[in-house]
Amino acid sequence: MDDPTELTTVATLPDDDSYLFTVSGPSGLEEEVILVRTDAGLEGNSTNRATNGGDDTPPVRAWKNFCMHEPDQPFDRGGDVGAAIREGQVICPRHGSLFDLDSGDCDNGPAAGQSMVEVEVTVTDGTVYLTDDNLTFEHEGGLDDDDGMPSSTSHLGL
Ligand code: FES
């Protein structure tokens, strides 16, 4: 495995938003990923928890940036807004299904019974690394944020 890629720090992850980045798989297909605090949007979340103090469970998760109901629907559409997050859940902007940021599961709306696709990340001393053996970090932002050049690849991994 290549050396883990440093993504960002837990302390700089927003409390109610996502960090969007792009990865590529073994075939070269690029996909978007959202990195989130699992306590995002919860009242009383704290940076102390986010520094992983004494808790083996990483305080962040990374998920492929598409809804399981309609895989062409991203949670984070890029730009300054990011994904809509409330009370530890990300909200699909098309039909409103809520996905748990910790488990990835959805138990409501059109996507009920489905789960987001996880990307492996690891937190060490407050820094978040991409440690998924099958994925390579390409750049921050979405598919179209690569030096202003639109991507010719789809993010659909079906
Ligand atoms: S596209 Fe996400 S719930 Fe329908």
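When a ligand or atom number is given, it counts from 1 through the structure's own listing order. Keep in mind that what you see is a predicted model, and the values were worked out from it rather than measured.
- Under the 4.5 Å side-chain criterion, counting only non-hydrogen atoms from C-beta, F99 is in contact with F75.
- Protein N/O/S atoms found under 2.8 Å from atom 2 (Fe) of ligand 1: C67 SG, C92 SG.
- Here ring pair (Phe, Tyr, Trp, His ring centres under 6.0 Å) pairs that include residues 106-129, with residues two or more places apart or in two chains, number zero.
- Salt bridge D72/R94: present, at least one basic N to carboxylate O contact under 4.0 Å.
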Atom pairs and distances, donor-acceptor, side-chain atoms in residues 6-13, under 3.5 Å, two or more places apart:
residue: T8; atom: OG1; partner: T12; partner atom: OG1; Å: 3.1
residue: T9; atom: OG1; partner: T12; partner atom: N; Å: 3.3
residue: T9; atom: OG1; partner: T12; partner atom: OG1; Å: 2.8
residue: T12; atom: OG1; partner: T9; partner atom: O; Å: 3.0

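- For the residue pair S24/E138, the side-chain donor-acceptor check at 3.5 Å is satisfied.
- Taking the salt bridge (Lys or Arg N to Asp or Glu O under 4.0 Å) definition, one finds that E120 meets it with nothing, sequence neighbours left out.
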